[in-house]
Every structure is written in structure tokens, then in C-alpha cells.
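So the structure is just underneath, and the comments pick up after that.
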Amino acid sequence: MQEMENLFIPYEKALSILEEHKGNFSTENKNLEDCIGAYLAEDLIADRDFPPFDRVTMDGIAIAYETFEKGQRKFTIEATAAAGTPQQSLQNSLNCIEVMTGAIMPNGVNTVIRYEDLTIEDNQATINLDILNHKQNVHFKGIDIAQGSIIVKQGEKLSSAEINIAAAVGKASLLVKKMPKVVIFSTGDELVPVYETPKLHQIRRSNIYGIQATLKEWGILSELQHLADDKEEMLRTISRLLKEYDLFIFTGGVSKGKFDYLPDVLGELQVKKHFHKIQQRPGKPFWFGSNTNGKKIFALPGNPVSSFVCVYMYLQFWLHKSLGIVSETLYVQLKNDVEFKPDLVYFLEATLESKPDGKLVAEAIKGNGSGDFANLVKTDGFLILPQNKSQFFANEVYPFVPYRTKW
Ligand SMILES: Nc1nc2c(c(=O)[nH]1)N[C@H]1C(S)=C(S)[C@@H](COP(=O)(O)OP(=O)(O)OC[C@H]3O[C@@H](n4cnc5c(N)ncnc54)[C@H](O)[C@@H]3O)O[C@H]1N2
Ligand code: MOO
Ligand SMILES: [Mg+2]
């Protein structure tokens, strides 16, 4: 029986089903050096004030401002305070102490004058300025962050900025979200390994490498597997691997072909289908399910652009929900008119340009369908052009999902 287009679920419905079946990731301790891109599973708390003491910010001398205010310009140097040495005290308020950037301010002084504004001769420093700012060139204790406050909340994705903070508060390792154990399958008798020369009727199994690389960028390691179009072998292999991995990504074998066994095989292995087919182009035959052991199965359409789109539109969304983070929407301005008649959401490749007037402009570059993955190297991401609309005009604003960041 012919399946009706309107039985396919809308894009938004697919997202809400994915959210219903989000993953429940555990946590693990990771060495700080390995934490870039990981998701923090503990708060980072200031173990000391930031900065922890009144910190000299310029190499020069430190004086009591009040002495300068009374008209004195020449100061005898009493001592030198280097960074990393304990706090000293000015003995005579008419004198000064030489201080280095990073040193703790000595007791009895409050203002630092740079060497560039001094003449030093015979242990006497003369200030060559008429005006000083009281307390200049000092980074005062606790002014940035108070001891005990939360500097980074759990759930944050760790960039270098957070890694700096973690190091500063003494965390040599961090509790982070543990990513799922992932296996990515290619399926199909036409696919040969990358290192082989394909015969005319064969192609190399490229999709899975792109997906693996994307996951790596997201901090997830994965393994690759291949399945021939052989139902028994598929049943055996998937059944064995269902015990080993948490997240399963398949490419191919989910459409209407005589050898597209995957939906049946997954069904026979007690994987519950949550949806099959979305009102979208490309990627229509995307299949998603899970089993009672919490294993999640993303069976992506085999066409390279389709599987690529589904990774960015759905797997990324599911991952964000599983990590408890909000998927931010990037809005861009369309550069060219686009017409798309079918009543489907249209994920359209586009380049992204940042304009001097502050606008982000996306030029739609339509390739030759979902098999044209060469078009992905000419573009930067996908426009999400909504359903129920067939004309999209230049200067209109639409969401954009980048797969390449140029800035
Ligand atoms: N009668 C119909 N035929 C098709 C429909 C349909 O609705 N009715 N949908 C089309 C759409 S849309 C898509 S998308 C594809 C999806 O097909 P499958 O998921 O079954 O994938 P395959 O048939 O296995 O392969 C499709 C295509 O992709 C190539 N492929 C697969 N895996 C890889 C890989 N790892 N690396 C590179 N290329 C890969 C494969 O060789 C095929 O050319 O179905 C349409 N048909
Ligand atoms: O929707 Mo299919 O994903 O175009 O080739
Ligand atoms: Mg097929």
C-alpha cells in the first residue's frame, strides 16, 4: 500500500520525540588536560578570592599616596618585593618599596608608579608625574570574585576560559559528563573500505568517517562497523553489539529498497521504533528507536547529505537535551531567493558570510540532491526553511545550523 506523505511526522514532532527519549549520561573524572569540550558535572567554586591578595600590576615602586599628595616626589627605596615572596612592610611612610608585577602589595603602601614614570639614582626614586591616581596599578583582593562563590556552574561546556578557572581553583581533575559509547555502522553491499579501489559499481564507505569526525568534534569517541545487506548477519552482529554500546548510528538501509532490512532487523531485535520518516528534505527516511536497556538507535538515511543533515539536526539536538543544555539558534539573513514547492521542511546548504554592517548572510547553494556530498565542502551549514511555505526571499531571516565555523 502506498504510504501517504502526511503520515510522515513533522520536524518539530521529531524533535519532541527525541527529547522524550533523551539519554541519561553518567559522570566521570577526567584529567584537566583532557577536559576541553567536555561538559562540567560539578560547580567550580572559588577556593580563594580572585585575586587572592592585593596584586601589583606594574613593575615600579609602591608608595603611600598620602606622602605624594603632600608634595613629596623623591622616595628612598627601602626594599624590593618580587612576585612569589611573602608580604613586606614599609618601615617609613616617606620611603618606597620597589615592587614587581605579581607581587603582593607591601603593608603601608597603596599606590604603584611604573618605572617609565620614575628616575632612579643612588637608591632614590623620583616620580616624574604631577598627578597620580590613588591606588593606581593595584588589582585588589577579591575584586573579581569572592571566595566561596560559584564561578562556573555545572552543565557548562568547558572552553579554555573555564579550564583556566579550574586550574586556578586547584582542580587537577574535573567531574564531567560521561559521553555514550558509540558505534557507527555503514550498511550496504556496494560499500568498500576507504583503502580499497572500488569497482565501477562500488563506492567507498565515506559517510561513517564524516559522522565519526563530527562526533569527535563534539567530544565523543566512536567505533566503526560495516554490515553487508544480509539480514541474518545484521541480526547477529547488531544483537551482539547491542550489549556493548549505548548509542547506535546506522547509515543506509532504511528506505523502501528490497535490501533495506534495517527497520525489520531492529524490530526483530526488540528495538522500539519511535518514528520512521520525517516531513523533510533531505533525510526523509530517518528512523529512530530505543530498547528497554536504554540503547538509542539513530538509523540515518544512506544518502550522504541526508545522513549529514540528520546528524546536525537531530543527533546534535538529542545530545544537547541529554546533556541538559539549550540548543541555541543562529539566525541569518538569506542572500538569494529560494523556491521549494514540496510541503516539507527544507534543510538547504548555504555559505555563511559575516558583513561589516554586523549581519550574517547565508547564500543558499543547492547541490544535486542528497547524493551530492561534494556540495558540503562548498558550504558552511544548513538553512532551516520551514514547511508550509514555498517562496523564501532575499533578506528574510532563517535559522542556520553550521557545520563549519570560520571565525
Ligand atoms: N521508492 C523509494 N525509494 C527511495 C525513497 C523513497 O521514499 N521511496 N527515499 C529515498 C531517499 S529520500 C533516501 S535518503 C534514500 C535512503 O536510502 P537508504 O537509507 O535505504 O540508504 P541506502 O539505500 O542503503 O543508500 C542510499 C545511497 O547512499 C549511499 N550510501 C549508503 N551508505 C553510504 C556510506 N557509508 N558512504 C557513502 N555512501 C553511502 C548508497 O550507496 C546509496 O547510493 O532512499 C531513497 N529511495
Ligand atoms: O530525503 Mo533523501 O534524504 O533526499 O535522499
Ligand atoms: Mg535504500
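Indexing begins at 1, ligand by ligand and atom by atom, following the structure's order.
Remark: Y312 OH is packed, more than 12 non-hydrogen atoms of other residues, nucleotides or ligands lying under 6.0 Å away. Within 6.0 Å of NZ on K135 lie no more than 12 heavy atoms contributed by other residues, nucleotides or ligands.
Taking the charged nitrogens against the carboxylate oxygens, E353 and K335 do have a contact shorter than 4.0 Å, which makes a salt bridge. Between K389 and E396, at least one side-chain N (NZ, or NE/NH1/NH2) sits under 4.0 Å from a carboxylate O, which counts as a salt bridge.
With no hydrogens or angles considered, a side-chain donor-acceptor pair links Q124 and T76 at under 3.5 Å. Checked by atom type, the side-chain pair S173/N31 shows no donor-acceptor distance below 3.5 Å. No side-chain donor from either of N291 and Q270 sits under 3.5 Å from a side-chain acceptor of the other. Looking at E339 and Q391, their side chains do bring a donor and an acceptor atom within 3.5 Å of each other. For the residue pair E223/Y245, the side-chain donor-acceptor check at 3.5 Å is satisfied. No side-chain N or O of H139 forms a donor-acceptor pair with one of T57 less than 3.5 Å apart. If you check the side chains of E217 and T214, you find no donor sitting under 3.5 Å from an acceptor.
Residue contacts with ligand 1 do not include K277, since none of its heavy atoms lies under 4.0 Å from the ligand. Ligand 1 has no atom lying under 4.0 Å from any heavy atom of G257. For the pair P282 and ligand 1, no heavy-atom separation below 4.0 Å is found. Residue contacts with ligand 1 include P285, since one of its heavy atoms falls under 4.0 Å from the ligand.
Taking each of G283, G302, P301 in turn, the one with a heavy atom nearest to atom 25 (O) of ligand 1 proves to be G302. Selection from P263, S306, G253 by nearest heavy atom to atom 18 (P) of ligand 1 gives G253. Remark: among candidates K284, Q202, K256, the nearest residue to atom 7 (O) of ligand 1 is K284, based on non-hydrogen atoms.
Residue contact check: D260 has heavy atoms under 4.0 Å from atoms 20 (O), 23 (O) of ligand 1. Contact atoms of ligand 1 toward R204: 36 (N), 37 (C) (distance under 4.0 Å to a heavy atom of the residue). Near N207, meaning under 4.0 Å from any of its heavy atoms, are these atoms of ligand 1: 32 (N), 33 (C), 34 (C), 35 (N), 36 (N), 37 (C), 38 (N), 39 (C). Of all atoms in ligand 2, numbered sequentially from 1 with element shown, those under 4.0 Å from a heavy atom of N303 are 5 (O). Numbered from 1 in the order shown, with element, the atoms of ligand 1 that lie under 4.0 Å from a heavy atom of T251 read 32 (N), 35 (N). Per-residue contacts place L191 under 4.0 angstrom from the following atoms of ligand 1 (heavy atoms of the residue considered): 32 (N), 33 (C), 34 (C), 35 (N), 39 (C).
Scanning the protein heavy atoms around atom 4 (O) of ligand 2, the nearest turns out to be S370 OG, 3.1 Å.
When only interatomic distances are considered, the shortest N/O to N/O separation between I203 and ligand 1 does not fall below 3.5 Å. At a 3.5 angstrom cut-off on N or O pairs, G283 counts as close to ligand 2. When only interatomic distances are considered, the shortest N/O to N/O separation between S370 and ligand 1 does not fall below 3.5 Å. Between S186 and ligand 1, no pair of N/O atoms sits closer than 3.5 Å. Looking at ligand 1, you'll find an N or O of V254 within less than 3.5 Å of one of its N or O atoms. Looking at S306 next to ligand 2, an N or O pair under 3.5 Å apart turns up. In terms of N/O distances under 3.5 Å, ligand 2 is not approached by R281. Any N or O atom pair closer than 3.5 Å counts here, and R205 shares no such pair with ligand 1. Considering both main-chain and side-chain atoms, E190 comes within under 3.5 Å of ligand 1 through a nitrogen or oxygen pair.
Excluding water, every protein N/O/S atom under 2.8 Å from the Mg ion (ligand 3) is given here by residue and atom: D260 OD1, D260 OD2.
Using bins of under 30°, 30° to 60° and over 60° for the plane-to-plane angle, the ring pair F286/F275 lands in the perpendicular bin.
Of the residues Y398, Y403, F347, Y314, the one that meets the ring-ring contact (aromatic ring centres under 6.0 Å, His included) test with F382 is Y403. Residue E42 forms a salt bridge (charged side-chain N to carboxylate O under 4.0 Å, His left out) with just one option from K177, K171, K153, and that option is K171.
Of the heavy atoms in R281, none comes closer than 4.0 Å to ligand 1.
The cationic group of K178 does not satisfy the cation-pi geometry with F25, failing either the under 6.0 Å distance to the six-membered ring centre or the 45° limit from the ring axis. Relative to the ring axis of F68, R73 places its NZ or CZ within 45° and under 6.0 Å from the centre.
The six-membered or imidazole ring of W318 lies near that of F298, with a centre-to-centre distance under 6.0 Å.
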